[in-house]
Each structure stands twice: as C-alpha cells, then as structure tokens.
Amino acid sequence: MPSPAPARLPDPPLARPAHNAPRPVPAPGALSSALPAAVAAALWRADQLGSAVAATWSSGFEALDAALPGGGWPGHGVTEILSAQSGTLEWRLLGPLLRQVCAAGRSVVLVGPPRPPHPPGLRLDGINERQLVWVQAETPAERLWSTEQLVKANACGALIAWLPQVRAEQVRRLQVLAAGCAGPVFLCRPATAACESSAAPLRLLARVGADWELLVNVFKRKGPPLETTLHLPSVPGGLQAILTPRLQKPSTLLPLDPAPQTAPFPLPSEAGHALVSAPAAGTRRHRLAH
C-alpha cells in the first residue's frame, strides 16, 4: 500500500508588532517632501532655526538678522524687548526698522513711552514725525487696552508699546490677537521680566556696550537657543558725522576697571572744588566782591 501523504501544517499567523516596539523614524526631509508646499513651509524642526511663514523686516543689523528666524523682525506675532534703561535703547535697536516703515508711507504708533518723543532727534534717524502717532496712556490698563485695540485694527506699520506691568495671560492674549496683524508688534518690558514666562515667540534682552555698541541676547526664538551675545554697532543719529576717531572708541579713554562700564562715553570725574557742603552751625558767610 502506498504511504499516506504527510499532513500539511497550517500557516503561522501574521506577526503583530508589539505595542512598545520602536517605530522607524523618517529622514528629516522625507516627511516634508511628501507634504503640500504650504504645509511643508510651516513645518519646523526644533533643532533648526525657524523660517518665517509671514513677512519679515530687516533689523538693519546683519548679525541680528542672522540670529532671527526668517532673517528679520517677524509680523503676525509679538516681539518682546527687555532692557534696564527703558525709553532709550528701543529707539537705537528699532531705528533702522522704523526708517523702513516711514519710507513705505506707513505710520509708527507708540503707546505709553516713558519719555516724550523728540522730533529733532528722530528726524536725524530718518523717522518722519508726521508718520509718528503717540498715544498718551498713563495707567497700565489704558496702555494694555490701547495696545489691544491697535493690534485688532491692524492699521499701523509698526507698533511699540511700553507695558512694564503686563501679566503672562495678557501677553498671551496679545500674541493671539497679533496673529491677524501684519506689521511687527513690540512690547517693551523691564529686564527683570526675563525670569518670567511669556507667550511671545521672540524675546530679546538689550544692554549698553562699549564703543557705541548694543549688547543683545536672543534668549527665546523659534529654534535652538543662542548662547552668544550679539555686539551691534549703534551710533545715535547725528553723531556719526561729528565723532572724532578717538571718540568712536571711547573704551580706550576709560581707565582699566574690572567692573563693566555702562556708559557709552567717558564720564568726567567731578573736581574737588566743585563739591558743595552745607555750612556748619554758627559759620558766617562772606560775600566776595568782584
């Protein structure tokens, strides 16, 4: 008798991957290449410097543009400028941008500046006072309300608001509103606000350096943190033509001091004979005849 055929075993079931098995990670450019162009432009990897989806404006400083996402000041968002000397460094840092805005025929709106704008000095920086709108808001509530209304209206080329007492939830609301504002929106806050959280996607700390420089730290941006301090040459308007070569390097005129110098120019020491003290009790005063 013929031997029976061997029995055929059933096929094994398909193997299912375990829930905790690692999944293959696509290459950095594989995912973006398979997406539509508009979606791929908005895609951002956290280890890369972000690219601007909206329009940007050059800051006028090559080193700063290289550190900013998109190569300039962004629109449709809030930018925080922190400084210990509020009311002075903002003009030197934003002066090149404000010249572009005025040259394009747009208005620059100021909300609650700590010092009144000085038209002759602004004119030397190329800022036309006819395109400057100054909103006098004294209380924190008035400044915040005015800023919100201007951002909603989207009616200015650039907006600079001094909000030293703004809270985190109020900055978050301004950031949401700024998504519909094409022009750049700047919030000027004290340097101590660097320790607070903020919804602003771009935050900078500006200080005075030697030799007419601005020291800028970009401590929050869309991309990896910037560990270095930017040294930006910033001579106030009208002084470039009259500064001598020695005064263009004022640090060479200062004595060596381990403490950092905060003044951009050498301060003269007060002479001893210029000191005035109150006369002691019973001391007679004499008038000198000339």
Side-chain angles (χ1 to χ4, degrees), residues 55-68 70-75 77-135 147 150 156-163 181-191 200 202-218 229-243 247-248 250 262-265:
T56 58
W57 291 263
S58 173
S59 66
F61 304 96
E62 184 177 354
L64 182 57
D65 285 344
L68 296 178
W73 299 118
V78 169
T79 298
E80 284 190 2
I81 298 179
L82 314 183
S83 66
Q85 301 175 350
S86 181
T88 56
L89 299 185
E90 299 91 334
W91 295 102
R92 294 173 59 183
L93 182 62
L94 300 178
L97 168 69
L98 301 184
R99 284 196 295 269
Q100 300 177 48
V101 174
C102 292
R106 302 296 304 276
S107 60
V108 177
V109 182
L110 315 175
V111 178
R115 297 178 180 85
H118 188 243
L122 296 176
R123 203 177 300 119
L124 291 174
D125 276 337
I127 303 173
N128 190 349
E129 65 271 18
R130 294 185 178 182
Q131 296 173 255
L132 198 67
V133 180
W134 175 19
V135 179
T147 303
L150 289 167
C156 53
L159 173 62
I160 309 175
W162 283 262
L163 303 176
C181 184
V185 178
F186 299 95
L187 303 184
C188 301
R189 305 181 62 190
L202 181 60
R203 306 183 76 193
L204 299 87
L205 177 64
R207 294 170 291 129
V208 175
D211 299 335
W212 308 102
E213 286 183 336
L214 290 179
L215 306 181
V216 176
N217 292 93
V218 184
T229 300
L230 302 178
H231 295 254
L232 309 180
S234 175
V235 179
L239 293 182
Q240 185 67 45
I242 63 176
L243 287 178
L247 290 179
Q248 291 180 0
T262 58
F265 49 86

Show the nearest heavy-atom pair for residues A84 and A191, with the distance to one decimal. N-CB, 3.9 Å
For P120, enumerate each residue passing the side chain to side chain contact (heavy atoms under 4.5 Å, CB included) test, keeping only those at least two apart in sequence or located in another chain. H118, R123
Would you please test F186 and L94 for side-chain contact (heavy atoms from CB on, under 4.5 Å) and show each step? CA-CA 10 Å; F186 299 95; L94 300 178; 3.7 Å; yes
If you measure from OG1 on T56 to CG on D65, what distance do you get to the nearest 0.5 Å? 8.0 Å
Using side chain to side chain contact (heavy atoms under 4.5 Å, CB included) as the criterion, list what pairs up with S83, not counting sequence neighbours. L89, E90
Main-chain N/O of R130 paired with N128 side-chain donor or acceptor, under 3.5 Å: yes
Can you give me every donor-acceptor pair (side chain of residues 102-115, partner residue at least two apart or in another chain, under 3.5 Å) with its distance?
| residue | atom | partner | partner atom | Å |
| --- | --- | --- | --- | --- |
| R106 | NH2 | C156 | O | 3.4 |
| R115 | NH1 | S86 | O | 2.7 |

Rounded to the nearest 0.5 angstrom, the CH2-OG1 distance for W73 and T79 is 6.5 Å
Hey, does L204 have a side-chain heavy atom less than 4.5 Å from the side chain of L64? yes
Heavy-atom donor-acceptor pair, Q100 side chain to S58 backbone, under 3.5 Å: yes
T147, L97, I81, L98 screened by side chain to side chain contact (heavy atoms under 4.5 Å, CB included) with I160, the one that passes: L98
What's the separation between atom CG in L230 and atom CD in E213, rounded to the nearest 0.5 Å? 11.0 Å
Could you list the residues that satisfy ring-ring contact (aromatic ring centres under 6.0 Å, His included) with F61, not counting sequence neighbours? none
Given the options L68, L202, V185, P74 meets side chain to side chain contact (heavy atoms under 4.5 Å, CB included) only with L202
For residues 181-190, pull every pair meeting side-chain hydrogen bond (donor to acceptor under 3.5 Å, both in side chains), keeping only residues two or more places apart or in separate chains. E80-R189, R189-E196
If every non-hydrogen atom of G209 is compared with every non-hydrogen atom of L215, which pair is closest and at what distance? CA-CG, 3.8 Å
Is the backbone of S234 close enough, under 3.5 Å, to the side chain of R92 for a donor and an acceptor to pair up by distance? yes
CG of L205 to CG of N217, rounded to nearest 0.5 Å, is 5.5 Å
Where do H231 and T229 come nearest, in terms of heavy atoms and distance? CD2-O, 3.3 Å
I'd like to check E129 versus L122 (side-chain heavy atoms, cut-off strictly below 4.5 Å). Are they in contact? no
Restricting to ring-ring contact (aromatic ring centres under 6.0 Å, His included), what partner residues turn up for W162, sequence neighbours left out? none
